[in-house]
Q: 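First, the structure itself, so that you have it in front of you.
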Protein chains: 2
Amino acid sequence: MSMTPDAINRLVAQLARLPGIGEKTAQRLAFHLLRTPDLARGLSNALVEVVDRVKLCPVCFSLHDGPEASRCSFCTDGRREDRLLCVVEGIADELAIERTREFRGRYHVLHGVLSPLEGIGPEQLRIKELLTRLQEAAVEEIIVATNPDVEGEATALYLTRLLKPMGLKVSRLAQGIPMGGDLEYADQATLARALTSRREL
Amino acid sequence: MSMTPDAINRLVAQLARLPGIGEKTAQRLAFHLLRTPDLARGLSNALVEVVDRVKLCPVCFSLHDGPEASRCSFCTDGRREDRLLCVVEGIADELAIERTREFRGRYHVLHGVLSPLEGIGPEQLRIKELLTRLQEAAVEEIIVATNPDVEGEATALYLTRLLKPMGLKVSRLAQGIPMGGDLEYADQATLARALTSRREL
């Protein structure tokens, strides 16, 4: 006979499937949820709502909760520039860029990066859809805003080789010392990149 | 207009209410759940199930998923000793003790500890119910297994003062160097406690 009711064991098992949440944390969360039934019900409803209502935009693969197969607000917003397209790894990156209020073009969400070790090739990303889209849209410049890490750089290189021959301008986000940063405390790689990418004033 | 569908914002808000989960982690979890609808649905169901099916035992305040107002398996198990009662802060402590397989008495779960700063007095804990229970049960010894921290010690002292005059034997878990521990690396307080609580061989 189990020491805890099965319902709790099942909740702990589900919570432990979340990234970064181990068995101990899952148990602690489960007991907390048990003591706060309002939160447990609210979270349960929010989960079902997300699964039922949130869809991917069929053009840029951003999220939206409009009717099935309809385009997202980034794609339908008439004030955004069609000539600029920002390619990002995921939704979180798209939101980070959007929060800067500096970008008024369109987006394309890859939903991943190339990672041979994890078996993720171009077919697993939304690259085919990007190419299809470029045949119709009036895009002039593509900003490849993947992360400046090994996979992100490899993905950017792959996309550059694919897109440049199509006559498109391809760019990357600038890298260097962060705003308000301190030369003394910048890591070696960042400082080296800041040096080689120096701008003439 | 919000950048993310409202359904996602609501899920992030609910996740951020969990202890130890901040806004950033909540957003990361929400996007993960969005990509794994199976997990989102499984977690949603497990939450509802826990809220609907898990109840507190009306005697010892352990958890059970039996019929409403029925007693838990700790209370109904005929092989457990009625004369030994272990008082714990919460369900997780009860399970930790149970895992040792060293304790075969009954339990009483306080669901908290005395904490004047957080406004938790004796009325907020299951102490009145403990006293009522002691008037009927054949308890001889009460092991006060609250944590060896400020609140746990204060709660143990409060219970000792309440229970000793009733002619009950009251005990605390032993404190000292952990099994397999190393004197050299033991913290000062633990080592001091191990010294003053030394056992004659």
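Order of the sequence lines sets the chain letters (A, B, ...), proteins ahead of strands, with each chain counted from 1.
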Q: Under 3.5 Å, which donor-acceptor pairs link side chains of residues 12-28 of chain B to any protein atom two or more places apart or in another chain?
A:
unit_1   : atom_1 : unit_2   : atom_2 : d
Gln14(B) : OE1    : Arg17(B) : NH1    : 3.2

Q: Do other residues, nucleotides or ligands put more than 12 heavy atoms under 6.0 Å from Glu81(B) CD?
A: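 Yes, enclosed.
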Q: Within the supplied structure, the quantity of interest is the number of heavy atoms (other residues, nucleotides, ligands) at a distance under 6.0 Å from Gln188(A) CD; does it exceed 12?
A: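 Counting other residues, nucleotides and ligands, CD of Gln188(A) stays at 12 neighbours or fewer.
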Q: At a heavy-atom distance under 4.5 Å, which candidate from Leu29(B), Leu39(B), Ile91(B) has the highest pair count against chain A?
A: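 Most heavy-atom pairs under 4.5 Å with chain A: Leu39(B).
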Q: Let me confirm one number: the CG-CG distance from Asp65(B) to Asp6(A), rounded to the nearest 0.5 Å.
A: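 Those atoms lie 6.0 Å apart.
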Q: In Å, rounded to the nearest 0.5 Å, how long is the span from CG of Leu95(B) to CZ of Phe31(A)?
A: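 So the gap between those two atoms works out to 4.5 Å.
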Q: Ala46(B), Ser44(B), Ala40(B): which one forms the most heavy-atom pairs within less than 4.5 Å of chain A?
A: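 Ranked by heavy-atom pairs under 4.5 Å with chain A, first place is Ser44(B).
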Q: Give the interface residues of residues 47-61 of chain A toward chain B, defined by a heavy-atom separation under 4.5 Å.
A: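 Listed by number, the contacting residues are Leu47(A), Val48(A), Glu49(A), Val50(A), Val51(A), Asp52(A), Arg53(A), Val54(A).
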Q: Between chain B and each of Ala30(A), Pro37(A), Gly42(A), count heavy-atom pairs under 4.5 Å; write down the option with the most.
A: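 It is Gly42(A).
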